Amino acid sequence: MIEFHLDARSGVAPYLQLVHQVRQAMRLGLLFEGDRLPTVKDVAAKVAINPNTVLKAYRELEYEGLVAKKPGVGTFVSSTLSDASLSEHEPLRRELRGWLERARTAGLDEESIEALFLSTFRTPTEEER
């Protein structure tokens, strides 16, 4: 089951953070069609937000066709975003863990690592220029 978390510093609305986390879990093969999402009450209690915020996120996911509500039962994944590249995730994850370890050994803290990753990620490659 997915474990939600919120980053107050991100500048992203809390409901959108929840939507992004569900979509990411689907892409990574952590959520599959038929899986039940945590209840609104459980999510609101865990991340200390208003239940209406969770409802807004779940409605957005429902609008996108990714989840379906079953009254009295819960909210279930009705689609998936993972694809054939899922088999490539683990080798890439191992490489990324190695890179993270080298960054930490070089003395970078979490914020510096994140800044370096995001700036590199958003910089077009030679081929994209």
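Everything numeric here is computed off the predicted structure, so don't read it as measured data. We're numbering straight along the sequence, starting at 1. All values below come from the heavy atoms of this structure, side chains included, with hydrogens, waters and symmetry mates left out.
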I need the Q17 CD to T53 OG1 distance, nearest 0.5 Å. 11.0 Å
For the student: nearest non-hydrogen atoms of V77 and F32, plus distance: CB-O, 3.3 Å
Quick one: are I49 and V54 in side-chain contact, heavy atoms under 4.5 Å? yes
Smallest heavy-atom separation, V40 atom then L55 atom, equals CG2-CD2, 3.7 Å
Might you point out which heavy atoms bring V12 and L16 nearest each other, and give the distance in Å? CG1-CB, 3.7 Å
Return each pair, listed once, that meets side-chain hydrogen bond (donor to acceptor under 3.5 Å, both in side chains) where at least one residue sits in residues 94-110; pairs must be two or more places apart or across chains. D109-S112
Got a sec, which pairs hit ring pair (Phe, Tyr, Trp, His ring centres under 6.0 Å) with one end in residues 100-127, sequence neighbours left out? F117-F121
Gap separating the CG atom of L118 from the CD1 atom of I113, nearest 0.5 angstrom: 12.0 Å
On a heavy-atom basis, which atom in S79 and which in M26 lie closest, and how many Å separate them? O-CE, 4.0 Å
Which heavy-atom pair separates L6 from P14 by the least distance, and what is that distance? CD2-O, 3.8 Å
Within 45° cone and under 6.0 Å: K70 NZ/CZ vs F76 ring: yes
Heavy-atom closest pair, residues A57 and V19: O-CG2, 3.6 Å
I want to check something: taking the side chain as every heavy atom from C-beta on, are L18 and Y58 in contact at a cut-off of under 4.5 Å? no
Quick check: do L31 and L37 have side-chain heavy atoms less than 4.5 Å from each other? yes
Tell me which pairs pass salt bridge (Lys or Arg N to Asp or Glu O under 4.0 Å) where either residue lies in residues 38-64, with sequence neighbours left out. E3-K46, R23-E64
Starting at CZ of R93, measure out to CG of L100 and round the result to the nearest 0.5 Å. 11.5 Å
Can you hop from L108 to L96 via hydrophobic side chains spaced under 4.5 Å? yes
Whether the side chain of S78 engages the backbone of L66 through a donor-acceptor N/O pair (distance < 3.5 Å, no angle test) should be reported. yes
